[in-house]
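Let me begin by presenting the structure, written as C-alpha coordinates, before commenting on it.
Chain A is the first sequence line, chain B the second, and so forth, proteins listed ahead of strands; every chain is numbered from 1.
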Amino acid sequence: MTRALAAVAAIPDDDAAAQKSGMSPRVSHAKPFIAFEKVSVRFGKGDKQVQALAETSLSIHEGDFVALVGPSGCGKSTLLKLVGDLLKPSTGHVFVAGREIGATPIRIGMAYQNPTLLPWLTIRDNVMMPLKIVAPFRSQFRAKRRGEFRDRAEALLAQVGLAGFGDKYPWQLSGGMMQRANLCRALVHEPDLLLLDEPFGALDQFTREELWQIMQELWMAKKTTVLLVTHDLREAAFLANRICVMSARPGRILDDSPVGFARPRSIDMTYEPDFVALNQQLRSLIVAARGGTGIVQAGGH
Amino acid sequence: MDGIMDLVRRKSASIALIIGVFVFWELACLIGGISDIVLPRPTQIIASLIEYWPAIQPHAAQTLFTTLVGFAIGVVIGILFGVGIGSSRLAYDTAYPLLVGISSIPKVAVVPIFVLWFGAGTVPAILTAAIISIFPIVVNVATGIATVEPELEDVMKTLKASKWDILWNVSLPRSMPYFFASLKVAVTLAFVGSVVAETVASNRGIGNMMMVASSTFNVPLVFAGLFILAGLGVGLYALFSIAESRVTGWAHRKDLAVT
(Lines give C-alpha, C1' and ligand atoms only; values in the text may rest on other atoms or scores of the structure.)
Protein backbone atom coordinates (compact mmCIF):
# COMPACT_ATOMS: atom_id res chain seq x y z
CA MET A 1 0.00 0.00 0.00
CA THR A 2 1.31 3.44 -0.89
CA ARG A 3 1.99 6.15 1.63
CA ALA A 4 -0.92 8.23 0.41
CA LEU A 5 -3.30 5.37 0.90
CA ALA A 6 -1.81 4.50 4.26
CA ALA A 7 -2.79 7.90 5.62
CA VAL A 8 -6.45 6.92 5.62
CA ALA A 9 -6.02 3.18 5.78
CA ALA A 10 -7.90 2.85 9.04
CA ILE A 11 -11.29 3.54 7.49
CA PRO A 12 -11.74 1.16 4.54
CA ASP A 13 -11.63 -2.05 6.59
CA ASP A 14 -14.53 -0.82 8.64
CA ASP A 15 -16.29 0.13 5.51
CA ALA A 16 -15.80 -3.18 3.80
CA ALA A 17 -17.01 -5.09 6.83
CA ALA A 18 -20.04 -2.87 7.17
CA GLN A 19 -20.90 -3.37 3.52
CA LYS A 20 -20.93 -7.10 3.85
CA SER A 21 -23.49 -6.88 6.61
CA GLY A 22 -25.43 -4.27 4.61
CA MET A 23 -25.49 -2.07 7.68
CA SER A 24 -24.42 1.44 8.30
CA PRO A 25 -20.61 1.63 8.03
CA ARG A 26 -18.23 4.15 9.61
CA VAL A 27 -18.82 4.45 13.31
CA SER A 28 -17.98 8.10 13.37
CA HIS A 29 -21.01 8.98 11.22
CA ALA A 30 -24.55 8.35 12.28
CA LYS A 31 -26.18 7.30 9.03
CA PRO A 32 -25.01 7.09 5.43
CA PHE A 33 -26.44 9.70 3.09
CA ILE A 34 -26.92 7.19 0.31
CA ALA A 35 -27.28 3.49 0.97
CA PHE A 36 -27.70 0.71 -1.58
CA GLU A 37 -29.01 -2.38 0.16
CA LYS A 38 -28.69 -5.57 -1.84
CA VAL A 39 -29.66 -3.74 -5.00
CA SER A 40 -29.68 -5.53 -8.32
CA VAL A 41 -30.95 -4.47 -11.73
CA ARG A 42 -32.15 -6.63 -14.59
CA PHE A 43 -33.32 -5.39 -17.96
CA GLY A 44 -35.69 -7.20 -20.29
CA LYS A 45 -37.72 -10.37 -19.82
CA GLY A 46 -37.30 -14.10 -20.29
CA ASP A 47 -34.39 -15.24 -22.45
CA LYS A 48 -33.39 -11.72 -23.35
CA GLN A 49 -32.99 -10.73 -19.74
CA VAL A 50 -29.74 -8.99 -18.96
CA GLN A 51 -28.37 -8.60 -15.48
CA ALA A 52 -26.92 -5.10 -15.47
CA LEU A 53 -26.09 -4.90 -11.82
CA ALA A 54 -25.41 -7.84 -9.52
CA GLU A 55 -26.47 -7.62 -5.90
CA THR A 56 -24.67 -4.57 -4.61
CA SER A 57 -24.49 -2.83 -1.27
CA LEU A 58 -22.78 0.50 -0.94
CA SER A 59 -22.91 3.43 1.45
CA ILE A 60 -21.94 6.98 0.73
CA HIS A 61 -21.63 9.67 3.36
CA GLU A 62 -22.74 13.24 3.18
CA GLY A 63 -20.08 15.47 1.67
CA ASP A 64 -18.16 12.59 0.17
CA PHE A 65 -16.77 12.57 -3.36
CA VAL A 66 -17.07 9.04 -4.72
CA ALA A 67 -15.85 7.93 -8.12
CA LEU A 68 -17.15 4.79 -9.84
CA VAL A 69 -14.75 3.25 -12.33
CA GLY A 70 -14.90 0.02 -14.25
CA PRO A 71 -15.00 -1.51 -17.72
CA SER A 72 -17.55 -0.28 -20.26
CA GLY A 73 -21.08 -1.51 -19.70
CA CYS A 74 -20.39 -2.57 -16.13
CA GLY A 75 -23.39 -0.82 -14.65
CA LYS A 76 -21.71 2.37 -13.40
CA SER A 77 -24.34 4.54 -15.03
CA THR A 78 -27.05 2.17 -13.85
CA LEU A 79 -25.95 2.80 -10.28
CA LEU A 80 -26.09 6.53 -10.94
CA LYS A 81 -29.57 6.28 -12.41
CA LEU A 82 -30.76 4.40 -9.33
CA VAL A 83 -29.67 7.27 -7.11
CA GLY A 84 -31.28 9.78 -9.44
CA ASP A 85 -34.54 7.80 -9.18
CA LEU A 86 -34.51 7.39 -12.96
CA LEU A 87 -34.55 3.63 -12.62
CA LYS A 88 -36.16 1.27 -10.11
CA PRO A 89 -34.04 -1.56 -8.72
CA SER A 90 -35.21 -5.07 -9.59
CA THR A 91 -34.43 -6.17 -6.04
CA GLY A 92 -33.22 -4.38 -2.95
CA HIS A 93 -33.60 -0.81 -1.84
CA VAL A 94 -31.92 2.52 -2.35
CA PHE A 95 -32.09 4.86 0.62
CA VAL A 96 -31.25 8.51 0.49
CA ALA A 97 -31.04 10.50 3.71
CA GLY A 98 -32.53 7.55 5.58
CA ARG A 99 -35.65 7.24 3.45
CA GLU A 100 -36.45 5.14 0.44
CA ILE A 101 -35.58 6.92 -2.79
CA GLY A 102 -38.51 8.81 -4.26
CA ALA A 103 -39.84 9.67 -0.82
CA THR A 104 -36.86 11.90 -0.09
CA PRO A 105 -37.13 15.62 -0.67
CA ILE A 106 -33.44 16.05 -1.50
CA ARG A 107 -32.28 18.17 -4.40
CA ILE A 108 -30.22 16.50 -7.10
CA GLY A 109 -28.02 18.03 -9.77
CA MET A 110 -26.96 16.00 -12.78
CA ALA A 111 -24.50 16.44 -15.61
CA TYR A 112 -23.80 14.11 -18.51
CA GLN A 113 -21.02 14.01 -21.07
CA ASN A 114 -23.44 15.58 -23.55
CA PRO A 115 -24.02 19.12 -22.20
CA THR A 116 -27.65 19.16 -23.49
CA LEU A 117 -27.97 22.91 -23.10
CA LEU A 118 -31.20 24.20 -24.63
CA PRO A 119 -30.24 25.95 -27.87
CA TRP A 120 -33.06 28.50 -27.73
CA LEU A 121 -32.01 29.85 -24.33
CA THR A 122 -29.02 32.00 -23.43
CA ILE A 123 -26.34 30.45 -21.24
CA ARG A 124 -27.73 32.34 -18.24
CA ASP A 125 -31.28 31.11 -18.86
CA ASN A 126 -29.96 27.60 -19.32
CA VAL A 127 -28.17 27.78 -15.99
CA MET A 128 -31.31 29.17 -14.34
CA MET A 129 -33.52 26.36 -15.66
CA PRO A 130 -33.39 24.24 -12.45
CA LEU A 131 -34.57 27.26 -10.44
CA LYS A 132 -37.65 27.32 -12.63
CA ILE A 133 -38.38 23.67 -11.84
CA VAL A 134 -37.13 22.80 -8.36
CA ALA A 135 -39.52 23.19 -5.46
CA PRO A 136 -38.41 25.99 -3.14
CA PHE A 137 -37.30 28.19 -6.03
CA ARG A 138 -39.99 27.68 -8.62
CA SER A 139 -42.61 29.70 -6.76
CA GLN A 140 -40.19 32.64 -6.56
CA PHE A 141 -38.92 32.31 -10.10
CA ARG A 142 -41.07 35.02 -11.66
CA ALA A 143 -40.21 37.51 -8.97
CA LYS A 144 -36.48 36.80 -8.77
CA ARG A 145 -35.51 35.82 -12.30
CA ARG A 146 -34.18 39.28 -13.05
CA GLY A 147 -32.69 39.82 -9.61
CA GLU A 148 -31.37 37.32 -7.13
CA PHE A 149 -31.53 34.26 -9.40
CA ARG A 150 -29.87 36.07 -12.23
CA ASP A 151 -27.06 37.18 -9.93
CA ARG A 152 -26.68 33.68 -8.62
CA ALA A 153 -26.33 32.26 -12.14
CA GLU A 154 -23.85 34.97 -13.07
CA ALA A 155 -21.79 34.34 -9.94
CA LEU A 156 -21.63 30.65 -10.70
CA LEU A 157 -20.68 31.32 -14.33
CA ALA A 158 -17.90 33.63 -13.12
CA GLN A 159 -16.68 30.88 -10.80
CA VAL A 160 -16.15 28.50 -13.71
CA GLY A 161 -14.54 31.18 -15.85
CA LEU A 162 -17.58 32.11 -17.94
CA ALA A 163 -18.04 35.67 -16.66
CA GLY A 164 -19.62 37.78 -19.40
CA PHE A 165 -20.89 34.80 -21.36
CA GLY A 166 -24.40 34.82 -19.84
CA ASP A 167 -25.98 36.46 -22.87
CA LYS A 168 -24.38 34.11 -25.37
CA TYR A 169 -26.16 31.12 -26.86
CA PRO A 170 -24.81 27.58 -26.44
CA TRP A 171 -23.73 27.32 -30.08
CA GLN A 172 -21.47 30.33 -29.63
CA LEU A 173 -19.43 28.43 -27.04
CA SER A 174 -16.75 25.77 -27.34
CA GLY A 175 -17.30 22.26 -26.02
CA GLY A 176 -15.35 22.98 -22.85
CA MET A 177 -17.32 26.15 -22.20
CA MET A 178 -20.62 24.35 -22.73
CA GLN A 179 -19.54 21.72 -20.24
CA ARG A 180 -18.74 24.45 -17.70
CA ALA A 181 -22.20 25.90 -18.21
CA ASN A 182 -23.60 22.38 -17.82
CA LEU A 183 -21.85 22.12 -14.43
CA CYS A 184 -23.34 25.46 -13.42
CA ARG A 185 -26.80 24.19 -14.35
CA ALA A 186 -26.22 21.12 -12.20
CA LEU A 187 -25.18 23.29 -9.23
CA VAL A 188 -27.38 26.39 -9.40
CA HIS A 189 -30.14 25.00 -7.18
CA GLU A 190 -27.58 24.05 -4.51
CA PRO A 191 -28.17 20.33 -4.75
CA ASP A 192 -27.58 17.98 -1.83
CA LEU A 193 -26.27 15.46 -4.29
CA LEU A 194 -24.41 15.88 -7.56
CA LEU A 195 -24.47 13.05 -10.11
CA LEU A 196 -21.83 13.24 -12.83
CA ASP A 197 -21.78 10.73 -15.67
CA GLU A 198 -18.48 11.09 -17.52
CA PRO A 199 -18.94 14.85 -17.64
CA PHE A 200 -15.48 15.57 -19.07
CA GLY A 201 -15.27 12.56 -21.38
CA ALA A 202 -15.62 14.43 -24.66
CA LEU A 203 -13.04 17.11 -23.92
CA ASP A 204 -9.39 17.38 -24.84
CA GLN A 205 -6.89 16.67 -22.09
CA PHE A 206 -5.99 20.25 -21.22
CA THR A 207 -9.61 21.41 -21.05
CA ARG A 208 -10.40 18.34 -19.01
CA GLU A 209 -7.65 19.04 -16.49
CA GLU A 210 -8.79 22.64 -16.24
CA LEU A 211 -12.30 21.45 -15.47
CA TRP A 212 -11.03 19.00 -12.87
CA GLN A 213 -9.52 21.92 -11.01
CA ILE A 214 -12.72 23.93 -11.32
CA MET A 215 -14.72 20.93 -10.14
CA GLN A 216 -12.38 20.54 -7.16
CA GLU A 217 -12.76 24.21 -6.23
CA LEU A 218 -16.53 23.98 -6.48
CA TRP A 219 -16.60 20.87 -4.33
CA MET A 220 -14.22 22.30 -1.73
CA ALA A 221 -16.41 25.39 -1.45
CA LYS A 222 -19.74 23.58 -1.08
CA LYS A 223 -18.87 20.02 0.04
CA THR A 224 -21.80 18.67 -1.93
CA THR A 225 -22.00 14.89 -2.01
CA VAL A 226 -20.76 13.83 -5.44
CA LEU A 227 -21.09 10.56 -7.28
CA LEU A 228 -18.85 10.57 -10.36
CA VAL A 229 -18.93 7.91 -13.06
CA THR A 230 -15.83 7.94 -15.21
CA HIS A 231 -13.52 5.65 -17.12
CA ASP A 232 -10.61 8.02 -16.72
CA LEU A 233 -8.62 6.70 -13.77
CA ARG A 234 -6.57 9.88 -13.43
CA GLU A 235 -9.80 11.82 -13.21
CA ALA A 236 -11.15 9.52 -10.53
CA ALA A 237 -7.93 9.69 -8.49
CA PHE A 238 -7.63 13.45 -8.91
CA LEU A 239 -11.17 14.34 -7.92
CA ALA A 240 -12.50 11.67 -5.60
CA ASN A 241 -12.12 10.90 -1.90
CA ARG A 242 -13.00 7.33 -2.57
CA ILE A 243 -12.89 5.11 -5.64
CA CYS A 244 -15.15 2.12 -6.21
CA VAL A 245 -13.97 -0.28 -8.89
CA MET A 246 -16.71 -2.27 -10.58
CA SER A 247 -16.51 -5.60 -12.35
CA ALA A 248 -17.65 -6.36 -15.89
CA ARG A 249 -21.37 -7.00 -16.40
CA PRO A 250 -23.17 -7.93 -14.24
CA GLY A 251 -21.52 -5.19 -12.26
CA ARG A 252 -20.50 -5.54 -8.65
CA ILE A 253 -18.13 -3.54 -6.55
CA LEU A 254 -14.73 -5.24 -6.56
CA ASP A 255 -12.73 -2.72 -4.67
CA ASP A 256 -13.51 0.29 -2.57
CA SER A 257 -10.53 2.39 -1.57
CA PRO A 258 -10.11 5.87 -0.18
CA VAL A 259 -7.89 8.44 -1.87
CA GLY A 260 -5.86 10.32 0.67
CA PHE A 261 -4.09 13.01 -1.34
CA ALA A 262 -4.22 16.41 0.35
CA ARG A 263 -6.39 19.09 -1.21
CA PRO A 264 -6.21 21.23 -3.15
CA ARG A 265 -4.65 18.76 -5.52
CA SER A 266 -2.67 20.04 -8.48
CA ILE A 267 -2.25 18.58 -11.93
CA ASP A 268 1.49 18.24 -11.23
CA MET A 269 0.58 15.90 -8.39
CA THR A 270 -0.87 13.46 -10.91
CA TYR A 271 2.68 12.73 -12.12
CA GLU A 272 4.05 11.96 -8.67
CA PRO A 273 4.89 8.35 -7.80
CA ASP A 274 2.07 7.89 -5.24
CA PHE A 275 -0.54 9.02 -7.72
CA VAL A 276 0.88 6.91 -10.52
CA ALA A 277 1.02 3.90 -8.22
CA LEU A 278 -2.66 4.31 -7.32
CA ASN A 279 -3.50 4.56 -11.02
CA GLN A 280 -1.58 1.41 -11.81
CA GLN A 281 -3.29 -0.41 -8.99
CA LEU A 282 -6.73 0.64 -10.26
CA ARG A 283 -5.77 -0.20 -13.79
CA SER A 284 -4.69 -3.72 -12.94
CA LEU A 285 -7.98 -4.25 -11.06
CA ILE A 286 -9.97 -3.22 -14.10
CA VAL A 287 -7.85 -5.22 -16.51
CA ALA A 288 -8.53 -8.24 -14.34
CA ALA A 289 -12.22 -7.35 -14.19
CA ARG A 290 -12.61 -7.30 -17.94
CA GLY A 291 -10.89 -10.65 -18.28
CA GLY A 292 -7.31 -9.49 -18.64
CA THR A 293 -7.57 -8.70 -22.33
CA GLY A 294 -7.09 -5.46 -24.18
CA ILE A 295 -6.17 -2.06 -22.92
CA VAL A 296 -8.04 0.03 -20.39
CA GLN A 297 -9.47 3.24 -21.80
CA ALA A 298 -7.70 6.40 -20.66
CA GLY A 299 -6.07 5.99 -17.26
CA GLY A 300 -2.56 6.77 -16.15
CA HIS A 301 -0.26 5.02 -18.60
CA MET B 1 -19.97 40.30 -47.35
CA ASP B 2 -19.50 37.36 -49.65
CA GLY B 3 -22.55 35.83 -48.02
CA ILE B 4 -24.74 38.83 -48.82
CA MET B 5 -23.54 38.93 -52.41
CA ASP B 6 -24.22 35.25 -52.67
CA LEU B 7 -27.75 35.73 -51.35
CA VAL B 8 -28.44 38.50 -53.90
CA ARG B 9 -27.08 36.30 -56.64
CA ARG B 10 -29.29 33.39 -55.61
CA LYS B 11 -32.40 35.59 -55.38
CA SER B 12 -31.75 37.28 -58.71
CA ALA B 13 -31.28 33.89 -60.35
CA SER B 14 -34.66 32.65 -59.17
CA ILE B 15 -36.40 35.90 -60.18
CA ALA B 16 -34.74 35.67 -63.61
CA LEU B 17 -35.97 32.08 -63.92
CA ILE B 18 -39.58 33.05 -63.12
CA ILE B 19 -39.52 35.93 -65.62
CA GLY B 20 -37.81 33.66 -68.15
CA VAL B 21 -40.57 31.04 -67.86
CA PHE B 22 -43.27 33.63 -68.50
CA VAL B 23 -41.41 35.16 -71.44
CA PHE B 24 -40.86 31.72 -72.95
CA TRP B 25 -44.54 30.91 -72.44
CA GLU B 26 -45.63 34.18 -74.08
CA LEU B 27 -43.27 33.75 -77.03
CA ALA B 28 -44.07 30.06 -77.52
CA CYS B 29 -47.80 30.85 -77.73
CA LEU B 30 -47.21 33.74 -80.14
CA ILE B 31 -44.77 31.93 -82.42
CA GLY B 32 -46.56 28.57 -82.26
CA GLY B 33 -49.93 30.24 -82.79
CA ILE B 34 -51.53 28.42 -79.85
CA SER B 35 -55.16 29.36 -79.40
CA ASP B 36 -56.11 31.07 -76.14
CA ILE B 37 -58.79 28.41 -75.65
CA VAL B 38 -56.00 25.86 -75.26
CA LEU B 39 -53.33 27.90 -73.53
CA PRO B 40 -53.76 31.65 -73.06
CA ARG B 41 -50.71 33.85 -72.98
CA PRO B 42 -49.59 35.34 -69.63
CA THR B 43 -50.49 38.82 -70.81
CA GLN B 44 -54.04 37.66 -71.64
CA ILE B 45 -54.32 36.05 -68.23
CA ILE B 46 -53.21 39.23 -66.48
CA ALA B 47 -55.59 41.23 -68.64
CA SER B 48 -58.51 39.02 -67.66
CA LEU B 49 -57.39 39.20 -64.03
CA ILE B 50 -57.74 42.96 -64.18
CA GLU B 51 -60.94 42.82 -66.22
CA TYR B 52 -62.74 40.36 -63.94
CA TRP B 53 -61.17 41.53 -60.67
CA PRO B 54 -64.48 42.73 -59.12
CA ALA B 55 -65.94 39.28 -59.86
CA ILE B 56 -62.82 37.37 -58.80
CA GLN B 57 -62.24 39.24 -55.55
CA PRO B 58 -65.15 37.75 -53.49
CA HIS B 59 -64.19 34.25 -54.71
CA ALA B 60 -60.58 34.81 -53.69
CA ALA B 61 -61.71 36.08 -50.29
CA GLN B 62 -63.95 33.02 -49.85
CA THR B 63 -61.12 30.62 -50.72
CA LEU B 64 -58.70 32.43 -48.46
CA PHE B 65 -61.29 32.33 -45.66
CA THR B 66 -62.08 28.59 -45.95
CA THR B 67 -58.39 27.77 -46.28
CA LEU B 68 -57.33 29.76 -43.25
CA VAL B 69 -60.19 28.55 -41.04
CA GLY B 70 -59.55 24.95 -42.10
CA PHE B 71 -55.84 25.42 -41.62
CA ALA B 72 -56.36 26.88 -38.14
CA ILE B 73 -58.52 23.91 -37.15
CA GLY B 74 -55.87 21.61 -38.61
CA VAL B 75 -53.12 23.33 -36.63
CA VAL B 76 -54.98 23.08 -33.31
CA ILE B 77 -55.92 19.43 -33.78
CA GLY B 78 -52.50 18.67 -35.24
CA ILE B 79 -50.67 20.12 -32.24
CA LEU B 80 -52.90 18.30 -29.76
CA PHE B 81 -52.46 14.96 -31.53
CA GLY B 82 -48.76 15.58 -32.13
CA VAL B 83 -48.11 16.33 -28.46
CA GLY B 84 -50.17 13.33 -27.38
CA ILE B 85 -48.51 10.93 -29.76
CA GLY B 86 -45.03 12.36 -29.27
CA SER B 87 -45.07 12.21 -25.48
CA SER B 88 -45.96 8.57 -25.11
CA ARG B 89 -44.38 5.58 -26.73
CA LEU B 90 -47.61 3.64 -26.29
CA ALA B 91 -49.73 6.34 -27.91
CA TYR B 92 -47.21 6.60 -30.73
CA ASP B 93 -47.29 2.87 -31.47
CA THR B 94 -51.07 2.68 -31.08
CA ALA B 95 -52.14 5.68 -33.09
CA TYR B 96 -49.53 5.81 -35.82
CA PRO B 97 -50.93 3.03 -38.07
CA LEU B 98 -54.38 4.63 -37.93
CA LEU B 99 -52.93 8.02 -38.82
CA VAL B 100 -51.01 6.61 -41.77
CA GLY B 101 -54.21 4.90 -42.94
CA ILE B 102 -56.25 8.08 -42.71
CA SER B 103 -53.57 10.15 -44.37
CA SER B 104 -53.29 7.79 -47.32
CA ILE B 105 -56.96 8.27 -48.23
CA PRO B 106 -57.14 10.76 -51.11
CA LYS B 107 -58.83 13.75 -49.52
CA VAL B 108 -60.97 14.37 -52.65
CA ALA B 109 -62.75 11.15 -51.73
CA VAL B 110 -64.03 12.52 -48.43
CA VAL B 111 -65.57 15.65 -49.93
CA PRO B 112 -68.80 13.86 -50.95
CA ILE B 113 -69.11 12.58 -47.40
CA PHE B 114 -68.76 16.08 -45.97
CA VAL B 115 -71.31 17.31 -48.50
CA LEU B 116 -73.65 14.53 -47.41
CA TRP B 117 -73.29 15.54 -43.78
CA PHE B 118 -73.11 19.33 -44.00
CA GLY B 119 -74.49 20.20 -47.44
CA ALA B 120 -72.58 21.94 -50.22
CA GLY B 121 -70.84 25.22 -49.48
CA THR B 122 -68.36 26.55 -46.98
CA VAL B 123 -68.28 23.78 -44.37
CA PRO B 124 -66.99 20.93 -46.58
CA ALA B 125 -64.25 23.23 -47.90
CA ILE B 126 -63.14 24.14 -44.39
CA LEU B 127 -63.20 20.52 -43.23
CA THR B 128 -61.30 19.28 -46.27
CA ALA B 129 -58.63 21.95 -45.76
CA ALA B 130 -58.43 20.97 -42.08
CA ILE B 131 -58.15 17.23 -42.60
CA ILE B 132 -55.52 17.59 -45.29
CA SER B 133 -53.31 19.85 -43.19
CA ILE B 134 -53.50 17.84 -39.96
CA PHE B 135 -51.19 14.98 -40.90
CA PRO B 136 -47.91 16.80 -41.62
CA ILE B 137 -48.35 18.82 -38.42
CA VAL B 138 -49.03 15.75 -36.27
CA VAL B 139 -46.04 13.89 -37.65
CA ASN B 140 -43.65 16.81 -37.26
CA VAL B 141 -44.73 17.86 -33.78
CA ALA B 142 -44.65 14.23 -32.62
CA THR B 143 -41.16 13.81 -34.07
CA GLY B 144 -39.91 16.97 -32.39
CA ILE B 145 -41.26 15.87 -29.03
CA ALA B 146 -40.26 12.22 -29.28
CA THR B 147 -36.64 13.03 -30.16
CA VAL B 148 -35.75 15.00 -27.01
CA GLU B 149 -32.30 13.81 -25.87
CA PRO B 150 -32.72 11.15 -23.17
CA GLU B 151 -29.91 12.76 -21.16
CA LEU B 152 -31.83 16.01 -21.07
CA GLU B 153 -34.95 14.20 -19.94
CA ASP B 154 -32.92 12.54 -17.17
CA VAL B 155 -31.59 15.91 -16.05
CA MET B 156 -35.14 17.26 -15.92
CA LYS B 157 -36.45 14.20 -14.09
CA THR B 158 -33.77 14.40 -11.41
CA LEU B 159 -35.01 17.96 -10.86
CA LYS B 160 -38.39 16.33 -10.18
CA ALA B 161 -39.86 18.10 -13.19
CA SER B 162 -43.42 17.04 -13.99
CA LYS B 163 -44.40 15.84 -17.46
CA TRP B 164 -45.96 19.23 -17.96
CA ASP B 165 -42.74 21.03 -16.94
CA ILE B 166 -40.75 18.98 -19.42
CA LEU B 167 -43.31 19.51 -22.17
CA TRP B 168 -43.52 23.25 -21.64
CA ASN B 169 -39.83 23.99 -21.07
CA VAL B 170 -38.13 21.46 -23.30
CA SER B 171 -40.26 19.42 -25.69
CA LEU B 172 -42.52 22.12 -27.09
CA PRO B 173 -39.82 24.72 -27.76
CA ARG B 174 -37.68 21.97 -29.19
CA SER B 175 -40.40 20.87 -31.61
CA MET B 176 -40.96 24.43 -32.92
CA PRO B 177 -38.59 24.13 -35.92
CA TYR B 178 -40.35 20.91 -36.91
CA PHE B 179 -43.72 22.57 -36.36
CA PHE B 180 -42.96 25.57 -38.54
CA ALA B 181 -41.48 23.41 -41.26
CA SER B 182 -44.76 21.49 -41.28
CA LEU B 183 -46.84 24.71 -41.28
CA LYS B 184 -45.35 25.74 -44.60
CA VAL B 185 -46.27 22.40 -46.10
CA ALA B 186 -49.67 22.29 -44.41
CA VAL B 187 -50.80 25.73 -45.55
CA THR B 188 -50.19 24.92 -49.20
CA LEU B 189 -51.95 21.58 -48.71
CA ALA B 190 -54.88 23.40 -47.08
CA PHE B 191 -55.30 25.34 -50.34
CA VAL B 192 -55.47 22.10 -52.25
CA GLY B 193 -58.16 20.86 -49.88
CA SER B 194 -60.37 23.91 -49.98
CA VAL B 195 -60.11 24.35 -53.77
CA VAL B 196 -60.89 20.69 -54.40
CA ALA B 197 -63.95 20.92 -52.17
CA GLU B 198 -65.08 24.14 -53.85
CA THR B 199 -64.67 22.58 -57.25
CA VAL B 200 -66.84 19.61 -56.32
CA ALA B 201 -69.44 21.16 -54.10
CA SER B 202 -69.74 24.89 -53.73
CA ASN B 203 -71.08 27.92 -55.54
CA ARG B 204 -68.38 30.16 -54.16
CA GLY B 205 -64.59 30.23 -54.13
CA ILE B 206 -61.84 30.19 -56.70
CA GLY B 207 -62.34 26.47 -57.36
CA ASN B 208 -65.98 27.02 -58.25
CA MET B 209 -65.15 30.10 -60.32
CA MET B 210 -62.67 28.07 -62.37
CA MET B 211 -65.28 25.35 -62.95
CA VAL B 212 -67.81 27.91 -64.16
CA ALA B 213 -65.22 29.68 -66.33
CA SER B 214 -64.09 26.46 -67.96
CA SER B 215 -67.66 25.42 -68.74
CA THR B 216 -68.07 28.72 -70.65
CA PHE B 217 -64.65 28.30 -72.31
CA ASN B 218 -63.35 31.43 -70.63
CA VAL B 219 -59.91 29.87 -70.46
CA PRO B 220 -58.00 33.07 -69.57
CA LEU B 221 -60.24 33.35 -66.48
CA VAL B 222 -59.49 29.73 -65.54
CA PHE B 223 -55.81 30.54 -65.64
CA ALA B 224 -56.43 33.78 -63.77
CA GLY B 225 -57.88 31.56 -61.00
CA LEU B 226 -54.69 29.50 -61.02
CA PHE B 227 -52.61 32.65 -60.72
CA ILE B 228 -54.68 33.80 -57.76
CA LEU B 229 -54.19 30.44 -56.06
CA ALA B 230 -50.46 30.50 -56.73
CA GLY B 231 -50.27 34.06 -55.40
CA LEU B 232 -52.19 33.21 -52.22
CA GLY B 233 -50.12 30.08 -51.69
CA VAL B 234 -46.82 31.86 -52.12
CA GLY B 235 -48.01 34.71 -49.86
CA LEU B 236 -48.95 32.39 -47.00
CA TYR B 237 -45.80 30.33 -47.46
CA ALA B 238 -43.72 33.50 -47.22
CA LEU B 239 -45.67 34.62 -44.16
CA PHE B 240 -44.93 31.39 -42.31
CA SER B 241 -41.32 31.46 -43.44
CA ILE B 242 -40.92 34.86 -41.81
CA ALA B 243 -42.68 33.67 -38.65
CA GLU B 244 -40.44 30.62 -38.64
CA SER B 245 -37.21 32.57 -38.80
CA ARG B 246 -38.48 34.88 -36.04
CA VAL B 247 -39.54 32.13 -33.65
CA THR B 248 -36.99 29.44 -34.39
CA GLY B 249 -33.99 31.47 -35.46
CA TRP B 250 -31.88 29.45 -33.01
CA ALA B 251 -32.29 26.40 -35.20
CA HIS B 252 -31.09 28.24 -38.32
CA ARG B 253 -28.21 30.13 -36.77
CA LYS B 254 -25.94 29.65 -39.78
CA ASP B 255 -28.37 31.56 -41.99
CA LEU B 256 -28.68 34.29 -39.40
CA ALA B 257 -24.92 34.56 -39.10
CA VAL B 258 -24.69 35.16 -42.84
CA THR B 259 -27.33 37.87 -43.25
Note, [X] side chain near [Y] side chain (heavy atom, < 4.5 Å):
X	Y	result
Phe95(A)	Glu37(A)	yes
Leu131(A)	Val188(A)	yes
Asp85(A)	Val96(A)	no
Val123(B)	Thr66(B)	no
Val134(A)	Pro136(A)	yes
Leu239(A)	Trp212(A)	yes
Thr158(B)	Arg107(A)	no
Leu227(A)	Leu194(A)	no

(message) Ignoring hydrogens, what is the shortest heavy-atom contact between Pro32(A) and Ser59(A)? Give both atom names and the distance.
(response) CB-CB, 3.8 Å

Are a donor atom and an acceptor atom from the side chains of [X] and [Y] found within less than 3.5 Å of each other?
X	Y	result
Thr91(A)	Ser40(A)	yes
Thr143(B)	Asn140(B)	no
Asp64(A)	Thr225(A)	no

(message) Less than 4.5 Å to any heavy atom of chain A: does that hold for the side chain of Glu149(B), its backbone, both, or neither?
(response)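 Answer is side chain: those atoms of Glu149(B) sit under 4.5 Å from chain A.
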
(message) Taking atom CZ as the centre, does Phe227(B) end up with more than 12 heavy-atom neighbours from other residues, nucleotides or ligands that are less than 6.0 angstrom away?
(response)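 Yes, enclosed.
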
(request) Answer yes or no: is there an ion pair linking Glu198(B) with Arg204(B), defined by an N-O contact shorter than 4.0 Å? (result)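 Looking at Glu198(B) and Arg204(B), the cut-off is not met.
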
(request) Test side chain to side chain donor-acceptor pair (under 3.5 Å) on Glu198(A) and Thr230(A) and set out the steps. (result) CA-CA 5 Å; Glu198(A) 293 181 21; Thr230(A) 179; over 6 Å; no

(request) Would you check, one step at a time, whether the test salt bridge (Lys or Arg N to Asp or Glu O under 4.0 Å) holds for Asp125(A) with Lys132(A)? (result) CA-CA 10 Å; Asp125(A) 287 338; Lys132(A) 200 174 175 182; over 6 Å; no

(request) Using the ring of Trp219(A) (Phe, Tyr or Trp, six-membered ring only), decide whether Lys222(A) places NZ or CZ under 6.0 Å from its centre and within 45 degrees of its axis. (result) no

(message) Using a 4.5 Å heavy-atom cutoff, which residues in residues 143-155 of chain A come close to chain B?
(response) none

(request) Could you please state which residues from residues 108-117 of chain A sit under 4.5 angstrom from chain B, measuring non-hydrogen atom to non-hydrogen atom, sorted by number, or 'none'? (result) Ile108(A), Met110(A), Tyr112(A), Asn114(A), Thr116(A)

(request) Tabulate, in ascending numerical order, the residues of residues 163-174 of chain B having at least one heavy atom closer than 4.5 Å to a heavy atom of chain A, or enter 'none'. (result) Asp165(B), Asn169(B), Val170(B), Pro173(B), Arg174(B)

(request) With a 4.5 Å heavy-atom cut-off (strictly below), which parts of residues 71-100 of chain B touch chain A? List them by number. (result)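 Near chain A, by residue number: none.
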
